[in-house]
Amino acid sequence: MKIGIIGAGQIGGTLTRRLTSLGHHVLVANSRGPETLRALTEETGAVAVWAVEAVRDVDLVVVTIPEKDIPDLAAGLFADAAEGLVVIDTGNYYPRQRDGLIAPIEGGLPESLWVEQQLGRPVVKAFNNIQAQHLMDLGQPAGTPGRIALPVAGDDQAAKATVMALVDALGFDPVDAGGLDASWRQQPGTPVYGADHDSAGVRRALDEADKLRKPEWRAFP
């Protein structure tokens, strides 16, 4: 596939490395400009671009930037993008650690539903609960006992199927986590977040999730 990645931090950089190694053509963008991505592109063969170029004429785009920066990214981003473009949101809301207060999320709106509203495009939530180093190093062939599984939530079934196939190709068992309205079950502070469960463990963790955010994951105690 031709894949755009917006954000070259831990998850964005890791996905750039992994996806190019699988033979995908990757366009990568960050907030500082293509010239700042030279080391990553020389390492991987990815092409550094501006964010608006990362969504143009691609099959899939990964948005992997801080939640607080999503509204600034959204303006005009998809003006030249294909109607059926698959958009992956890897983001998490970290109010005390990074993002500050985002009132709708603080009030209970699932993070990725908020991102979808800002972008004006359907999104699929994935890759938000795994550590970047584990995403880089711990993928295994399908059928490996104890293979790490990752939850994938979204409302567009075709888009979700595409993302689940990508998760599998990267070496992880994809678990259908339902629609975006249920994606709170994989947010920070839930049992699946930061945990390397197998498929059964992911399903169990999703079932055990509590929608009430723990104090450390709220803007105010």
Side-chain angles (χ1 to χ4, degrees), residues 1-94 98-100 102 104-105 109-128 132 135 152-156 158-163 165-167 169-170 180 183:
M1 288 190 293
K2 190 175 182 181
I3 296 174
I5 298 179
I6 300 176
Q10 292 191 32
I11 294 296
T14 297
L15 285 172
T16 299
R17 293 177 176 92
R18 292 295 321 279
L19 292 170
T20 52
S21 74
L22 292 176
H24 297 289
H25 179 58
V26 175
L27 308 176
V28 59
N30 66 5
S31 60
R32 296 177 296 149
E35 69 280 359
T36 66
L37 293 168
R38 181 175 298 175
L40 181 61
T41 57
E42 288 180 351
E43 175 191 346
T44 63
V47 178
V49 296
W50 294 101
V52 291
E53 298 172 292
V55 304
R56 192 179 299 151
D57 298 322
V58 297
D59 303 298
L60 180 149
V61 65
V62 182
V63 177
T64 180
I65 65 173
E67 301 292 76
K68 65 184 178 65
D69 296 332
I70 289 289
D72 293 333
L73 174 73
L77 178 65
F78 293 101
D80 297 323
E83 188 64 32
L85 176 65
V86 177
V87 181
I88 298 177
D89 169 38
T90 78
N92 291 306
Y93 173 51
Y94 299 125
R98 183 191 65 196
D99 297 315
I102 300 177
I105 299 178
L109 184 69
E111 297 163 348
S112 287
L113 273 176
W114 179 80
V115 170
E116 185 176 79
Q117 290 175 1
Q118 304 307 304
L119 297 181
R121 287 287 182 121
V123 305
V124 177
K125 189 177 186 77
F127 303 115
N128 75 296
L135 180 60
V152 180
D155 298 323
D156 184 314
K160 184 158 62 174
T162 296
V163 176
L166 192 64
V167 169
L170 286 164
L180 277 191
S183 64

K125 side-chain N/O to A153 backbone N/O, donor-acceptor pair under 3.5 Å: no

Spacing of H24 atom NE2 and L170 atom CG [to the nearest 0.5 Å]: 7.0 Å

Side-chain heavy-atom pair V63, L73 within 4.5 angstrom cut-off: yes

Sidechain-backbone polar pair: R121 side chain, V87 backbone, donor-acceptor under 3.5 Å: no

Taking every non-hydrogen atom, the tightest pair across A29 and V49: CB-O, 3.2 Å

Distance, nearest 0.5 Å, that separates CD of E67 from CD1 of I65: 8.5 Å

Whether D89 side chain and E116 backbone form a donor-acceptor pair below 3.5 Å: no

Evaluation steps, side chain to side chain contact (heavy atoms under 4.5 Å, CB included), between V58 and H25: CA-CA 9 Å; V58 297; H25 179 58; over 6 Å; no

Taking every non-hydrogen atom, the tightest pair across L40 and T44: O-OG1, 2.8 Å

Working for side chain to side chain contact (heavy atoms under 4.5 Å, CB included), residues V62 and F127: CA-CA 10 Å; V62 182; F127 303 115; 5.5 Å; no

Point-to-point distance, once rounded to the nearest 0.5 Å, from CG of D59 to CG of D57: 9.5 Å

Gap between atom CD1 of I11 and atom CD1 of I88 - 0.5 Å precision: 11.5 Å

Side chain to side chain, V124 and D156, heavy atoms closer than 4.5 Å: no

Where A48 and L37 come nearest, the two heavy atoms and their spacing: CB-CB, 4.0 Å

Where M1 and L166 come nearest, the two heavy atoms and their spacing: CE-CD1, 3.9 Å

Heavy-atom donor-acceptor pair, N128 side chain to G91 backbone, under 3.5 Å: no

Heavy-atom pair with the smallest gap, counting every atom of E53 and L27: O-CD1, 3.8 Å

R56 CZ to L77 CG distance, which is reported to the nearest 0.5 Å: 10.0 Å

L85 vs V55, side chain to side chain contact (heavy atoms under 4.5 Å, CB included): CA-CA, chis, key distance, verdict: CA-CA 8 Å; L85 176 65; V55 304; 4.2 Å; yes

E43, CD atom: more than 12 neighbouring heavy atoms under 6.0 Å: yes

Check: I105 main-chain N/O paired with Y93 side-chain donor or acceptor under 3.5 Å: no

CA sep, side-chain torsions, deciding dist, call: I102, L109, side chain to side chain contact (heavy atoms under 4.5 Å, CB included): CA-CA 10 Å; I102 300 177; L109 184 69; over 6 Å; no

From CD1 (I3) to CG (L19), nearest 0.5 Å: 4.5 Å

Shortest non-hydrogen separation from D155 to L180 and the atoms involved: OD1-N, 3.0 Å

All pairs passing side-chain hydrogen bond (donor to acceptor under 3.5 Å, both in side chains) where residues 30-42 contributes a residue, at least two apart: N30-T36

